[in-house]
Amino acid sequence: MKRFQLMALPYAPEALEPVISRETISFHHGKHLAAYVNNLNGLLEGSPFMELPLEMIVKQADGGILNNAGQILNHELYFEQFSGKPQKSAPTGKLAEAIDKQFGSYEAFKDEFQKKGATLFGSGWVWLSADADGNLFITQEANAANPVQKDLTPLLTFDVWEHAYYLDYQNRRPDHLAALWQIVDWNIIEKRYE
Ligand code: MN
């Protein structure tokens, strides 16, 4: 039985150009994420995690099941947060207030987030997440880790695995991270924060 399916992208593969090319999206979604889904389905056969929701698997599993489940959760949050035509290009309301309170300003938040993404050694993800009181955190998570493992709610993430940018930006990870703000749909991030 196939427990998980490859998510459908909420946009056409070329919709995020020129920030992320059609080619990168096609490989990233159609090859990398698809492989994590196939791997996890195979590993779950006969395992005690077979019936658990994805987030619970990420919180409880280890080894290959954790790595593949984590990468599925991470990539679903990643692909869903982007739009070629974002409804909202900067945070507003309660999230904007929390960002100002925690980081000083939206610009200061972006600098800090990009810096944490640029300096993450090896493969991983940079995250904005929230605790139960609405306090915000920027964290670097290695490999397939996700803030839900720390009981935080993930809000925004940039993938800094080389497969996310190498075709378009080669070694220029900071340039890729700086460009991603253009396609973040803050409407979606605000819904995650509510
Ligand atoms: Mn990736």
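Order of listing sets the numbers, starting from 1, for every ligand and every atom in it. All values below were derived from every heavy atom in this structure, side-chain atoms included, with hydrogens, water molecules and symmetry-related copies excluded. Bear in mind that the values here come from a model prediction, so they are computed numbers and not experimental data.
Nearest N/O/S atom of D159 relative to the Mn ion (ligand 1): this is OD2.
Geometry about the Mn ion (ligand 1) gives an angle of 100° between NE2 of H28 and NE2 of H163, rounded in steps of 10 degrees.
Inclusion of H32 in the first shell of the Mn ion (ligand 1) is not supported: no N, O or S atom falls under 2.8 Å.
Between F103 and F109, the angle of the ring planes lies from 30° to 60°, which puts this pair in the tilted group.
Looking only at side-chain heavy atoms (C-beta outward), W161 and Q71 come within less than 4.5 Å of each other.
Ion pairing between a basic and an acidic side chain is recognised when a charged N comes within 4.0 Å of a carboxylate O; E107 and K110 show such pairing.
When every heavy atom of P86 is checked against every heavy atom of Q182, the shortest pair comes out as CG-O, 3.5 Å.
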